2 protein chains.
Amino acid sequence: MKPTIYSVAEQAGVSISTVSKVINNTGRISERTRKIVLQAISELNYHPSVVASALTGKQTKTIGLLIPDISNPFFAEIARSIEDRSHELGFNVMMCSTDNNKEKEEKYLSLLIRQQIDGLIVASAFRCASLLEDMVKQHIPIALVASEIPELSINTVTVDDYRGSYLATSYLLSLGHRRIAIIAENVRSNKPRVYAFRDTMEEAGVQGIDRYVIKTEAAITKGYESARQLFSLKERPTAIFVCNDLLAIGAMQAIKEAGLSIPHDVSIIGFDNTVLSTTATPMLTTIAQPMKEIGTKVVNLLIQEMEEPKTYKERLLLSPELIIRESTAPLH
Amino acid sequence: MKPTIYSVAEQAGVSISTVSKVINNTGRISERTRKIVLQAISELNYHPSVVASALTGKQTKTIGLLIPDISNPFFAEIARSIEDRSHELGFNVMMCSTDNNKEKEEKYLSLLIRQQIDGLIVASAFRCASLLEDMVKQHIPIALVASEIPELSINTVTVDDYRGSYLATSYLLSLGHRRIAIIAENVRSNKPRVYAFRDTMEEAGVQGIDRYVIKTEAAITKGYESARQLFSLKERPTAIFVCNDLLAIGAMQAIKEAGLSIPHDVSIIGFDNTVLSTTATPMLTTIAQPMKEIGTKVVNLLIQEMEEPKTYKERLLLSPELIIRESTAPLH
DNA sequence: GTGAAAGCGCTAACAA
DNA sequence: TTGTTAGCGCTTTCAC
């Protein structure tokens, strides 16, 4: 039988409230009694039940994590860092991969509410923001990572997308490229990336940007298709800025298949700096997101919010960095 | 305020036990009452509390997952499939990355016990099996994936490691290679892979196998180092069997850096068939693990065990498959 | 410094 | 068919 607070109390010859006090370091307990109780706890190998304690109004010590897909290396790294920071603070995390799919988002939200999670971290798209209303109504603290939900006022941590895209675009321009294409993912966080691309190109006086803008979904095959589409144009681009590494890998495959060489014929630059960018050949020049830091910061923000809800929410933009590898070169 | 069973009962003008009965489909309830209750539930947007229900002896509907590292693509894919199957069956999963580190294993185990998980899936190494004793004592069902703990009798799902290694080794032999090296990870599941390698090589009459056996940890850099080590030998191998894709990528980097070409000078074959094997250049020949199926099966096994503990535990070995891509070629 | 007792939201006898 | 009630393991007030 699993030991309870009663077994400990009996073993120690005290009342359960005394045991409770030593566990939680509340009230005043004599050093002697504390020792005896601690002794009993370790003898019985007692672990206080979070379930029971949660029922009395305390925390469940669990955080929900809604993420598009844990098997996507970018989110896996973010998740890892969220997990680490949460565990540091004594919280467990329940992971749910939504595929950015409305039905799953709804279903998992309901599962998580029933589990009485203390807080929620969202990286999923939530194109239908009203789904989150239950959460808001029940005052469950929420924080967003690597995603945007403009309808709601929520603490958020993301990379500075606009700046990242600026870094990528201006780097390609500085290499002499003018026919630069962008392959973006069709999610909100990619919008600033597209805007920065346009702005930077326009400022450089480049014309006819529109034909080189493609939006698609996050998958290697989609990157492949998008690149092929670009190569079917009369004037094919000499450089491509691909808004995440997964898509970039697909694009690289298409470029090679077309008999072109990277970076000699086509320069390519990714976004994220996941494992994939170092395992690709040639190694991918990319915009690095500080993934460890992003994960750590959202958890911090969420915990802060749990302790004391802020009226004014924060939006934290972390600085991306250009990592130059082998997939970019001066215009030939 | 979060709606409770009481608010629903009041709203519907019935007792809480009636509400409980309609929620759980127990006892007999008139169609009329059921409708009224359901109505009240949806009006209040009521979600029954798993916490409260767990306290009465029912399940917490959560499964613990101890995995070495969620940011490792192999485990991320396994985790994704475990997650999907669990959610299908109404369970949430709490994820813990242990880095195969004893202290973390111990800490997370204690966290999970306190959370009163219904079952535990273990992919972590647990070199110290006694850590799991608490779980066994408390009759918490356990299932193992992609790992082995010989000291304990536990339901297990793994790929057939011996056969996988046989497939890899005999394929390299069939290409005419004799100086074949193996880079293995220093965990239990890799032992059968090394055995099969030795056995197959011996049966083919190859001598001096020992100098070509390297054991290391799962990291790209380790693969890199191991391959360099092999190239420092007088007679360098003409083919390398690397026991996981992560290591294989590292080895590929070392080979290229040494100015050798893959597969012309050195053939290389991986194990796992993660994304990495398709994003690498040349694309990696590898032994595919049926990751989706492995995840699904462990969950099934765990749930079975939760419903009715078996005296004799099962060990399920799923068949691996040789995927021939571009990194292997006949001996030059 | 310590203990008795009420109550958290729910389930499951048992009564009605 | 529906309602009453006693717990589940814990926290927390309030007496002692």
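Here the structure is a predicted model, which means the values were calculated and not measured. Here is how names work: the chains are called A, B, and so on, in the same order as the sequence lines, proteins then strands, and each is numbered from 1.
- Between B:Leu65 and B:Leu120, the shortest heavy-atom contact is N-CD1, 4.4 Å.
- Between the side chains of B:Ser20 and B:Ser17, not a single donor N or O lies within less than 3.5 Å of an accepting N or O.
- For C:dT2, one of the phosphate oxygens OP1 or OP2 lies less than 4.0 angstrom from a side-chain nitrogen or oxygen of A:Ser30.
- In this entry the distance linking CD of B:Gln115 with C1' of D:dC10 reads 15 Å, nearest Å.
- One atom, CE of A:Met1, and another, C1' of D:dG9, lie 11 Å apart when rounded to the nearest Å.
- Protein atom CD of A:Glu10 is 16 Å distant from nucleotide atom C1' of C:dG3, rounded to whole Å.
- Atom pair B:Glu31:CD and D:dT2:C1' shows a separation of 15 Å (rounding to whole Å applied).
- The side chain of B:Ile5 lies closest to C:dG9, out of C:dA12, C:dG9, C:dA5.
- A residue-by-residue look at B:Val50 and A:Thr33 shows that A:Thr33 has its nearest nucleotide of DNA chain C further toward the 5' end.
- Across the interface with DNA chain D, nearest-nucleotide mapping of A:Tyr46 and B:Arg32 shows B:Arg32 to be the residue nearer the 5′ end.
- Here A:Val14 lies in heavy-atom contact (under 4.0 Å) with sugar-phosphate atoms only.
- In terms of polar N and O atoms assigned as donor or acceptor, the side chain of A:Ser17 comes within less than 3.5 Å of the base of C:dG3 in a complementary pairing.
- Between A:Ile29 atom CD1 and C:dG3 atom P the separation is 8 Å, expressed in whole Å.
- At a cut-off of 3.5 Å, with distance as the only test, a side-chain donor of A:Thr60 or A:Asp118 sits close to an acceptor on the other residue.
- Take the nearest nucleotide of DNA chain D for B:Arg34 and for B:Leu55: the residue whose nucleotide is more 5' is B:Arg34.
- The residue A:Ser20 sits close to a base: some heavy atom pair falls under 4.0 Å.
- Spacing between atom CG of B:Asn25 and atom P of C:dC10 amounts to 17 Å, rounded to whole angstrom units.
- Taking the side chain of B:Ile16 as heavy atoms from C-beta on, and the options D:dG3, C:dG9, C:dT11, the nearest nucleotide is C:dT11.
- A donor-acceptor contact under 3.5 angstrom links the side-chain atoms of A:Lys21 to the base of C:dG3.
- Residues B:Val51 and A:Gln115 come closest through the heavy atom pair CG2-O, 4.0 Å.
- Using a 4.0 Å cut-off between charged nitrogen and carboxylate oxygen, A:Lys102 and A:Glu105 do not count as a salt-bridge pair.
- Taking every side-chain heavy atom of A:Ser15 into account, C:dG3 is the closest of C:dG9, D:dT4, C:dG3.
- When the side-chain nitrogen and oxygen atoms of B:Ser49 are compared with OP1 and OP2 of C:dC10, none of them lie within a distance under 4.0 Å.
- Between the NZ atom of A:Lys61 and the P atom of D:dT11 there is a distance of 12 Å, given to the nearest Å.
- Counting non-hydrogen atoms under 4.0 angstrom, B:Thr26 reaches nothing in the nucleic acid.
- To the nearest angstrom, C1' of D:dG3 lies 16 Å from CZ of B:Arg28.
- Salt-bridge formation is not detected for the pair B:Glu77/B:Arg80: no Lys NZ or Arg NE/NH1/NH2 atom is positioned less than 4.0 Å from an Asp or Glu carboxylate oxygen.
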